[in-house]
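Just so it is clear, the values below take in all heavy atoms, side chains as well, and ignore hydrogens, waters and symmetry mates. Start at 1 and go down the list; that is how both ligands and their atoms are numbered. All of these numbers come straight from a predicted model, not from anything done at the bench.
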Amino acid sequence: MLSSQISERVSYIGVNDRRTPRFEAMWPLPYGVSYNSYLVDGGQKVAIIDGVEVSRGLQQIDEIRARLGDRQPDYLIINHMEPDHSGAIRLLRSAFPNLQIVGNAQTLKMVEGYYGVADNTLAVKDGDTLTLGDGVTLQFYLTPMVHWPETMMTYLVEEETMFTGDAFGCFGALNGAVLDREMDYSRYMPEMVRYYSNIVGKYGMFVQRALKKLEGVKLSTLCTTHGPVWQENVEGVITLYDKLSRYEPLDNGVTILYGSMYGNMEQLAESAAEGLASAGVRDITMLNAATAELSDILASVFRHKGLVVAAPTYSDNLFPPVGNALRALSLRGMKEREVVVLGTCTWAERASGIMSALIEESGMKVFDKPITIKQAPTREDSEGCRSLMKLYAETLK
Ligand SMILES: Cc1cc2nc3c(=O)[nH]c(=O)nc-3n(C[C@H](O)[C@H](O)[C@H](O)COP(=O)(O)O)c2cc1C
Ligand SMILES: [Fe+2]
Ligand SMILES: [Fe+2]
């Protein structure tokens, strides 16, 4: 088990999960994921902040026993009730019978609903404090919808350390080190974009509210529930979250999201890529909606300023994989993007109208007019597409 002393009082007692292939049964975990958990020893009282997923409960209990010896933890503070962080509650309770569960009113209701645990709880409100000993004060900041309604953050006042729950978290297990300054954390940054776009993406407005709330708070350390503990790159991850939650693109690249059954739409998508490249766009990500992971599609659209969607008509409707991706973007309220629409058919074109509607519904705009073709693209079709991309590339500068 990873163990790291974050400060004299705070230690890491989280776990890596390299066996679960998909987070929430959906999102790929090629590098695993960590469920971060922390022990805060205040001298008089000991708190566990955030828990682990149920399958790692016993492993965590062993670590807590090894660290505390004869002492018992007094509090389990639940910043976020989602079972990746609370699944082991009943195991913790059976190992440490006096463990008091600390959460806000919504959290405690969920704890009862999920685990039937309702005794020995302590309800906290926004701004409340809990003292663990001399000069060891925890303060609670309610930050609803980052990522569930009950989510809150816990601040260790004297150390300027915020336990942030899912905020500033990312996919990727921890490879030996826990603190960002003890590793090359650059590999986690794309995984933060993927995590944000997949998991938190719908709640940009709430992330903005949480960031406002933290504005006056000194933040030296961010102890998230997934991925590295941030100390060196605190400003970097806050800036990244600020951008992502305002739907601000991170670069001037373009995602070309396309569907094609027999290769004709794909040919037009290739022309779009050529047009963009010859207009000087360097960062172009082409994703086949039927084979790419939705996870990567979302991350790419959140990252790039440009988006081109191209799809055939299918049973008088939109080719389903592209529809699925556009609906996933709309669910996340994706905005601040102008989108090029390319549609095709064999006898009656329906795809471009449906794509345009989904784009507008999300809060994005359709760029210029959609290009619609029939059957195989002609030379003129490809030329028209390249010309449109030249105009589009101008808007990305
Ligand atoms: C199952 C299936 C359903 C289709 N439904 C329609 C349709 O309702 N209307 C239409 O005009 N074309 C329809 N098409 C034709 C596709 O739109 C056709 O594949 C496209 O025009 C050519 O692009 P592609 O080579 O990229 O697949 C259908 C094709 C398939 C395989
Ligand atoms: Fe969560
Ligand atoms: Fe989580």
May I ask you to check whether [X] has an N/O atom sitting below 3.5 Å from an N/O atom of ligand 1?
X: Thr346; answer: yes
X: Ala348; answer: yes
X: Gln375; answer: no
X: Glu266; answer: no

Do side-chain atoms of [X] reach the backbone of [Y] as a donor and acceptor pair under 3.5 angstrom?
X: Thr137; Y: Val157; result: no
X: Tyr185; Y: Trp230; result: no
X: Thr225; Y: Asp166; result: yes

Salt bridge or not between [X] and [Y]? Use side-chain N to carboxylate O under 4.0 Å.
X: Arg67; Y: Glu63; answer: yes
X: Glu274; Y: Arg386; answer: yes
X: Asp251; Y: Lys305; answer: no

Metal check, the Fe ion (ligand 3) vs His147 N/O/S, cut-off below 2.8 Å: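 Not a single backbone or side-chain N, O or S atom of His147 is under 2.8 Å from the Fe ion (ligand 3).
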Residue His85, metal the Fe ion (ligand 2), N/O/S under 2.8 Å: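 No N, O or S atom of His85 is closer than 2.8 Å to the Fe ion (ligand 2), so no.
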Test of ring centre spacing under 6.0 Å for Tyr195 and His226: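 Yes: the rings meet the under 6.0 Å criterion.
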Centroid separation Tyr241 to Phe168 less than 6.0 Å: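 Yes, ring centres under 6.0 Å apart.
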N/O/S atom name from His226 that is nearest to the position of the Fe ion (ligand 3):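 Per the distance ranking, His226 contributes NE2 as its closest N/O/S atom to the Fe ion (ligand 3).
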Atom name, Asp84 (N, O or S, nearest to the Fe ion (ligand 3)):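 Checking each N, O and S atom of Asp84, the shortest distance to the Fe ion (ligand 3) belongs to OD2.
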Atom name, Asp166 (N, O or S, nearest to the Fe ion (ligand 2)):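 Atom name returned: OD2.
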Considering only N, O or S atoms of Glu82, the one closest to the Fe ion (ligand 2):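 Closest N, O or S atom of Glu82 to the Fe ion (ligand 2): OE1.
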Step-by-step salt bridge (Lys or Arg N to Asp or Glu O under 4.0 Å) determination, Glu349 to Lys374: CA-CA 8 Å; Glu349 212 278 327; Lys374 246 188 194 157; over 6 Å; no
Atom 5 (N) of ligand 1 - nearest protein heavy atom and its distance: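 Nearest neighbour among protein heavy atoms for atom 5 (N) of ligand 1, to 0.1 Å: Ser315 N, 2.8 Å.
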For atom 16 (C) of ligand 1, the option (of Thr313, Ile373, Leu268) bearing the nearest heavy atom: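 When every heavy atom of Thr313, Ile373, Leu268 is considered, Thr313 comes closest to atom 16 (C) of ligand 1.
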Best match, Gly259, Ala310, Ser260, Pro377: closest heavy atom to atom 26 (O) of ligand 1: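 Considering heavy atoms of Gly259, Ala310, Ser260, Pro377, the nearest to atom 26 (O) of ligand 1 sits in Ser260.
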